[in-house]
Amino acid sequence: MNRETIYAVVDLETTGTNIKDGDRIIQFGCALVQNGKIIQTISQDVNPLRDVPTKIQHLTHITADQLELAPIFEDLAPTLVEILSGTVFVAHNINFDLPFLNGELTRVGLQPLDLAGIDTVELAQIILPEAPSYRLQDLTQLLEIEHDNPHQADSDALVTAKLFLKLSARLQALPSVTLNRLSELGEGLLRQTGDFFTDTAQQMREKSQPLPNELLIQEEIALRKPAPVDFEIYPGSSYAAQYPVTEAEKKRLLKPHLKWRKAQATMMDLIHDNFESETPEPLLIEAATGLGKTIGYLLPYSYRMSRDHKLVVATSTTLLQEQILTQAKPLLERLVGRQINAAVVKSASHYIDLHRFELSLRLPHKNRMIRLLQMKILVWLTQTTTGDLDELNLTSYKTPFFVSIQHRGLASLNPQAPFYHEDFLRRLTHRQQQAELLVTNHAYLASHADEQQIWGPKPYLVLDEAQNMVFNVQTISQETWSLSSWQFWAQKGLQYTTGAQTNNLVRLFPAETPQNRSLKLLHKTLGKLTRTLTHLETYLTEQFEPDEPTDGQTFSERYLNPDEVIQFVNASQREFGQLNRELLTIQDHFLALRYVLEDQLARYTESDLAIWQSFENELNLLLADVDHYQRFEQLFIATKPQERHALAIQITRPSQPSQLPQFKLHWQLLSAGPQMQQVLSHFEPVTLTGATLAVNGHFDYLKREFGFTEEQALQTKKLRSPFRFKQQARFYIAEDGPVQKELTPSDYHQQVAAQVMTLIANNPHQTLILFNANQTLEQVYYALGRAGLSLDREVLAQGITGSAEKITKRFMLGHDSVLLATSSFVSGVDFPEAALEMVILVQLPFDAPNALQTRVRYAQLSAQGINPFKAEALPKATIRLRQSFGRLIRTPNDRGLFICLDPRLLTTQYGQQMRRALPASLPQKAAPVQTIRELSDLFWLNSD
């Protein structure tokens with residue numbers, strides 16, 4: 001492949017995806033590219049001599065009448081072969097277009113095309129590593145390529161050609177060291193896509209372009225230099241050196257940028273006046289959607305915070321962290337007329353360890369997906385200034401490969417290592433020290449509240465979306481530890497370190513060397529670890545015999561009462577001490593062996609390195625889980641007789657006789673209020689805020705979960721929404737919604753999918769569908785796919801098509817997308833105006849009653865004489881119902897529908913109580929689903 005090569009960029013429209021089932025081509029589109037230019041385009045309709053499914057006609061806008069006049073494929077085939085012969089075949093998802101075309105050629109008696117092929121999906125995945133979606137229409141939007149007629153072959157082929165040219169130009173602009181690395185890793189990509197990287201690298205070597213000023217080279221990896229700190233001043237008449245106390249001063253400050261909101265100004269004054277008083281108190285402010293709460297708290301704090309007295313804002317998700325830094329902070333800077341020095345704070349595992357990544361490049365990876373990820377990261381490193389792996393928008397970061405390259409924290413760094421001065425986490429730590437505003441997430445704050453070196457002395461604190469902090473409180477103060485997983489990983493480690501096996505590490509580290517002694521000690525300690533775990537399992541099963549499984553259960557459980565918890569704590573101190581010593585020894589010897597291997601990499605064969613890599617993957621899974629164990633142990637050690645705890649022993653029975661039982665311990669504090677008060681004690685009096693903090697008009701549930709007593713000072717305030725819900729929204733409840741407990745799981749999933757299809761088919765509005773259970777979400781997603789919904793609309797599903805962050809960004813790009821998600825989406829995500837127009841709540845948002853954490857907590861509440869439904873389940877579900885509706889109306893211009901398929905809202909007393917928690921001005925109506933669809937069509941008709 002060179003500049004004279006002709007690339008045939010092809011797109012096909014077909015009646016379906018399977019030639020063997022009789023599917024046929026109905027349109028052929030091709031754009032020929034040479035010397036960086038489109039030199040010719042070809043478009044041809046094809047008569048398939050069969051009916052075209054209605055959904056295909058709807059998707060492509062190709063009509064049966066249009067095809068009836070077109071030639072058949074047999075007549076066109078020789079011409080197509082002549083056009084494509086000698087070219088390089090390029091397509092967006094080449095493994096569909098090329099095999100389908102060859103299948104049609106074979107069907108009519110011609111030889112299949114033997115062409116080199118390039119896949120633009122893989123090209124884009126590597127060259128555009130931060131793209132949230134690699135669908136053609138999303139890429140064209142990202143790169144500002146005009147795309148007039150999506151899903152028509154001529155238009156798709158033309159824009160794919162333009163995409164190919166833009167990707168090629170970006171590839172050629174990469175530094176030579178990156179191109180060379182990409183060339184080395186390209187083997188295994190689809191068709192000849194890897195050869196394209198090799199040929200481009202060769203062409204650019206001949207040009208010998210200088211390294212751009214913004215890049216540096218370290219260990220044959222190109223990295224972007226840190227962005228210079230540019231303190232920009234925003235002079236103007238609105239600048240105020242002091243907090244704007246009067247209403248007139250606030251209006252002058254806000255007017256150029258924000259609409260005046262009385263409730264927002266009230267929130268600002270509450271925060272300002274509180275800290276002006278001699279004895280500031282904690283604040284609890286319910287700031288309804290549309291009030292502008294983020295600026296409502298940031299602005300008054302901006303006049304108090306400094307590098308030495310920081311403001312910490314904790315949110316519920318990393319996505320919200322990003323929104324504060326990229327949207328709210330720049331707006332705040334313009335309001336107050338000065339630069340706000342801010343930094344994000346989250347776990348080290350979010351960041352890449354450059355040294356570990358560079359080592360991964362030297363190890364032999366046969367897995368195609370790993371090589372693809374390595375190529376993606378190499379390009380990303382020329383762009384990122386943060387090293388935050390979340391920027392890659394991947395579906396999962398839990399694979400052994402990512403475990404191996406994630407950062408282990410500053411303590412893991414070697415000052416003599418090549419990447420020490422370029423380490424992203426070191427840079428971030430420096431920015432955090434210089435910052436006056438730190439943005440973190442609830443979970444990180446709760447587990448690191450006492451680390452003053454991060455936050456500085458006695459910082460200010462805002463808990464945004466504080467109701468989610470409540471929901472996370474139990475997660476923060478609970479931990480599940482799988483002894484069986486540790487047994488499995490330790491046994492695998494023993495297999496790699498014993499001399500009795502041929503496929504092990506003994507051959508890498510010869511006898512009578514220090515490394516061989518480390519290997520023997522590692523083997524010995526892994527054996528000790530398995531014996532310690534076995535001893536602990538035996539003690540627990542003998543002392544606290546689990547109950548027999550009930551009908552339909554595959555597991556046995558045993559809840560320990562408070563006296564038994566103390567007994568377990570006292571009796572198990574020795575085993576936990578041994579575990580800690582064994583883990584440290586394993587880690588020390590593992591790291592010693594790895595350092596030697598890294599220093600002497602050249603002396604090892606590829607098969608030697610493959611053995612090490614397999615072993616490291618297994619041991620990394622054990623070491624990565626140490627954090628869970630340590631949190632479990634911290635709760636364990638912190639146990640006091642006067643506290644209320646819960647400990648559950650769970651043994652899952654194997655489905656196969658050859659399998660071993662799965663042994664888990666689940667530990668949690670029944671009430672995390674004291675722990676939350678301990679967290680808050682490290683900060684100035686906290687500001688708790690969110691849109692849905694109250695239950696039935698009062699804050700009792702939230703106050704109790706945060707550990708506030710009646711005697712403690714706590715200011716509370718409810719600020720109303722400025723929205724006109726009567727004009728902007730409708731709430732419909734399905735009278736004929738499926739009742740889960742009356743149906744089999746299969747029937748329930750089918751009925752939910754059928755009702756969802758009734759509501760969204762041919763209804764081109766951005767739709768969010770919320771589920772309680774992952775299993776229901778998954779089954780409904782596949783049912784919607786079978787019904788053909790995904791043919792003409794993008795259907796996104798949390799945990800299936802991507803992580804929460806990834807599918808959120810893809811959904812924001814959509815125009816008529818459907819997003820299936822769990823309760824994690826009920827707060828903290830902004831989809832303004834047309835970005836979200838319909839929310840369907842499949843089930844009332846109660847915690848899954850069969851979840852281990854829920855069973856443990858409810859059992860212990862009952863043991864205390866507390867009704868778990870009234871005290872916990874109902875308040876949490878009511879807040880989540882309010883949050884679910886809160887996703888819909890985010891601006892004064894929004895309009896939308898909120899639909900609940902759960903008839904319990906109508907048929908139960910608690911359902912009617914939950915309905916009263918929604919805005920009083922929101923019109924509510926109960927009707928059959930078919931009627932709701934008709935009413936929704938009428939709503940949108942009147943909205944246009």
request  = Hey, could you give me the OG1/CG distance between T822 and L770, rounded to the nearest 0.5 Å?
outcome  = 8.5 Å

remark   = Taken to the nearest 0.5 Å, the spacing of D902 CG from I733 CD1 works out to 10.0 Å

inquiry  = Working to the nearest 0.5 angstrom, can you tell me the gap between K293 NZ and I285 CD1?
reply    = 11.0 Å

request  = Let me see the working for L888 and T289 under side chain to side chain contact (heavy atoms under 4.5 Å, CB included), right down to the final yes or no.
outcome  = CA-CA 10 Å; L888 188 64; T289 304; over 6 Å; no

inquiry  = For L759, run the side chain to side chain contact (heavy atoms under 4.5 Å, CB included) check against I769, L901, T767 and tell me which one passes.
reply    = L901

message = Pair V345, W455 - check side chain to side chain contact (heavy atoms under 4.5 Å, CB included), show working.
response = CA-CA 10 Å; V345 181; W455 318 115; 4.0 Å; yes

ask   = How far apart are the C-alpha atoms of V780 and V842, what are their side-chain angles, what is the distance that settles it, and do they pass the side chain to side chain contact (heavy atoms under 4.5 Å, CB included) test?
value = CA-CA 11 Å; V780 171; V842 172; over 6 Å; no

ask   = Once you round to the nearest 0.5 Å, how far does CD of E286 lie from OG1 of T689?
value = 8.5 Å

task = Enter the distance from R904:CZ to Q740:CD here, rounded to the nearest 0.5 Å.
result = 7.5 Å

message = Tell me if a side-chain donor or acceptor on E465 pairs with a main-chain N or O of S316 at a distance below 3.5 Å.
response = no

task = Apply the ring pair (Phe, Tyr, Trp, His ring centres under 6.0 Å) test between F885 and each candidate in F731, F723, F725; give the one that qualifies.
result = F725

inquiry  = Any side-chain to backbone donor/acceptor pair from T878 onto V695? Under 3.5 Å, distance only.
reply    = no

ask   = In terms of ring plane angle, is the pair Y460 and Y301 parallel, tilted or perpendicular, where the classes change at 30° and 60°?
value = tilted

key: Pairwise side-chain contact, F706 with M469, heavy-atom cut-off 4.5 Å (strictly under)   = yes

remark   = Between Q912 and L906 the two heavy atoms that sit nearest each other are NE2-O, 3.4 Å

ask   = Can you name the closest pair of heavy atoms from R890 and G886 and give their distance?
value = NH1-O, 2.7 Å

note = Closest heavy-atom pair, M267 versus L719, reported as atoms and distance to 0.1 Å, is CB-CD1, 3.7 Å

task = Return the minimal non-hydrogen interatomic distance between T294 and D464, and the atom names on each side.
result = OG1-OD2, 4.2 Å

inquiry  = Taking K925's backbone N and O only, do any of them form a donor-acceptor pair with R730's side chain (distance below 3.5 Å, no angle check)?
reply    = no

key: F869 CZ to F846 CZ distance, which is reported to the nearest 0.5 Å   = 4.0 Å

ask   = Any chance NZ of K346 has more than 12 other-residue heavy atoms, nucleotides or ligands included, within less than 6.0 Å?
value = yes

query = Would you call S572 and L536 a side-chain contact if the rule is heavy atoms closer than 4.5 Å?
reply = yes

message = Would you say CD of E451 has more than 12 non-hydrogen atoms from neighbouring residues, nucleotides or ligands within 6.0 angstrom?
response = yes

task = Look only at the side chain of T908 and the backbone of G911, and say whether a donor-acceptor pair between them is shorter than 3.5 Å.
result = yes

key: Y701 vs L874 side-chain heavy atoms within contact, under 4.5 Å   = no

ask   = Does D736 use its side chain to pair, donor to acceptor, with the backbone of V929 at less than 3.5 Å?
value = yes

query = Between the main-chain N or O of N772 and the side-chain N or O of Q843, is there a donor-acceptor pair closer than 3.5 Å?
reply = yes

inquiry  = Test your reading of the model: is there a side-chain donor-acceptor pair from D847 to the backbone of A873, 3.5 Å cut-off?
reply    = no

message = Is it the case that over 12 heavy atoms from other parts of the model lie below 6.0 angstrom from the NZ atom of K458?
response = yes

Sub-4.5 Å side-chain heavy-atom contact between L820 and Q798 = no

message = Donor-acceptor check, side chain of R915 to backbone of Q924, threshold 3.5 angstrom: yes or no?
response = no

ask   = Would you call K876 and E705 a salt bridge, using N to O less than 4.0 angstrom?
value = no

ask   = Does Q775 CD have over 12 foreign heavy atoms under 6.0 Å away?
value = no

Aromatic ring proximity Y781/F771, centre distance under 6.0 Å = no

query = Heavy atoms, side chains only, cut-off 4.5 Å: are E281 and N274 in contact?
reply = yes

inquiry  = Minimum heavy-atom separation for P738 and P903, please, with both atom names.
reply    = O-CD, 3.9 Å

ask   = Looking only at heavy atoms, which two atoms of A314 and L463 are closest? And how far apart?
value = CB-CD2, 3.6 Å

task = Start with the C-alpha distance between Y444 and I454, add both sets of side-chain angles, then the distance that settles side chain to side chain contact (heavy atoms under 4.5 Å, CB included), and finish with yes or no.
result = CA-CA 11 Å; Y444 189 90; I454 300 176; 3.5 Å; yes

